[in-house]
Asker: 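Pasting a structure here, questions to come.
Just so it is clear, the model here is predicted, and its values are computed rather than measured. Keep in mind that the numbers below use all heavy atoms, side chains included, and drop hydrogens, waters and symmetry copies.
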Amino acid sequence: QVQLVESGGGLVQAGGSLRLTCAASGRTFSSYAMGWFRQAPGKEREFVAAFTWSGGSTRYADSVKGRFTISKDNAKNTMYLQMNSLKPEDTAVYYCVAGLGGTYVSSYRYWGQGTQVTVSI
């Protein structure tokens with residue numbers, strides 16, 4: 001059974017930074033592609049960033065490229081999302097995911113409970 005637990009969300013002013021953490025149980029990093037999605041109020045869930053299946057490379061949504069960085073510590077079964085230069089439009093619930101990889105919601109079988117990120121003007 002895979003369990004994903006996010007933390008690190010909160011309220012930050014525009015231009016600020018936050019680091020999200022995803023603690024994963026089981027052999028998630030060796031068995032699945034890991035990534036982050038987000039869902040803003042009234043909008044569909046959207047891809048943010050992810051590792052490829054092999055874990056050797058990363059991909060980002062255009063909206064966060066250059067501002068967000070995904071990383072992981074295999075020994076700790078922990079993944080991170082460093083978010084810099086935050087904008088009000090980054091406000092959303094952020095989800096840690098594990099699955100086949102790629103940018104589609106349906107490609108990820110396992111989801112955390114989400115952590116709220118709110119960026120104020």
Asker: Under 6.0 Å from the NZ atom of Lys65, do we count more than 12 heavy atoms belonging to anything else shown?
Answerer: yes

Asker: How far apart are the closest heavy atoms of Ser107 and Gly101, and which atoms are they?
Answerer: CB-O, 3.2 Å

Asker: Between Cys96 and Met79, what is the shortest heavy-atom contact and its length?
Answerer: SG-CE, 3.6 Å

Asker: For the residue pair Ser31 and Trp53, what are the closest heavy atoms and their distance?
Answerer: O-CH2, 3.2 Å

Asker: Do Gln39 and Tyr94 have side chains that approach each other closer than 4.5 Å (heavy atoms only, starting at C-beta)?
Answerer: no

Asker: Taking the side chain as everything from C-beta on, heavy atoms only, tell me whether Phe51 gets closer than 4.5 Å to Ser57.
Answerer: no

Asker: With clusters built from Ile, Leu, Val, Met, Phe, Trp and Tyr whose side-chain heavy atoms come within less than 4.5 Å, directly or transitively, what are the remaining members of the cluster of Val93, listed by chain and number?
Answerer: Phe37, Phe47, Tyr95, Val97, Val105, Tyr108, Trp111

Asker: What's the spacing between Thr91 OG1 and Glu89 CD if we round to 0.5 Å?
Answerer: 8.5 Å

Asker: Taking the six-membered ring of Tyr80, is the NZ or CZ of Lys72 close enough (under 6.0 Å from the centre) and on axis enough (within 45°)?
Answerer: no

Asker: Can you give me every donor-acceptor pair (side chain of residues 8-26, partner residue at least two apart or in another chain, under 3.5 Å) with its distance?
Answerer:
residue : atom : partner : partner atom : Å
Ser17   : OG   : Asn84   : OD1          : 2.9
Ser25   : OG   : Gln3    : N            : 2.8
Ser25   : OG   : Gln3    : O            : 3.4

Asker: Start with the C-alpha gap between Val119 and Lys87, add the side-chain angles, then the distance that decides, and say whether side chain to side chain contact (heavy atoms under 4.5 Å, CB included) holds.
Answerer: CA-CA 6 Å; Val119 184; Lys87 304 176 181 180; 5.5 Å; no

Asker: For the residue pair Arg59 and Thr103, establish whether any side-chain heavy-atom pair is separated by less than 4.5 Å.
Answerer: yes

Asker: Do the non-hydrogen side-chain atoms of Tyr60 and Arg67 ever get within less than 4.5 Å of each other?
Answerer: no

Asker: Taking all heavy atoms of Ile70 and all of Met34, pick out the closest pair and write down the distance.
Answerer: CD1-O, 4.3 Å

Asker: Quick one: does Val48's side chain get under 4.5 Å of Leu81's, heavy atoms only?
Answerer: yes

Asker: Is the side chain of Thr78 donor-acceptor paired with the backbone N or O of Lys76 at a distance under 3.5 Å, no angle test?
Answerer: yes

Asker: For the backbone of Gly114 and the side chain of Glu6, can you confirm whether one donor and one acceptor N or O come within less than 3.5 Å of each other?
Answerer: yes

Asker: Give every residue pair that meets the salt bridge (Lys or Arg N to Asp or Glu O under 4.0 Å) criterion with at least one member in residues 29-41, sequence neighbours excluded.
Answerer: Arg38-Glu46, Arg38-Asp90

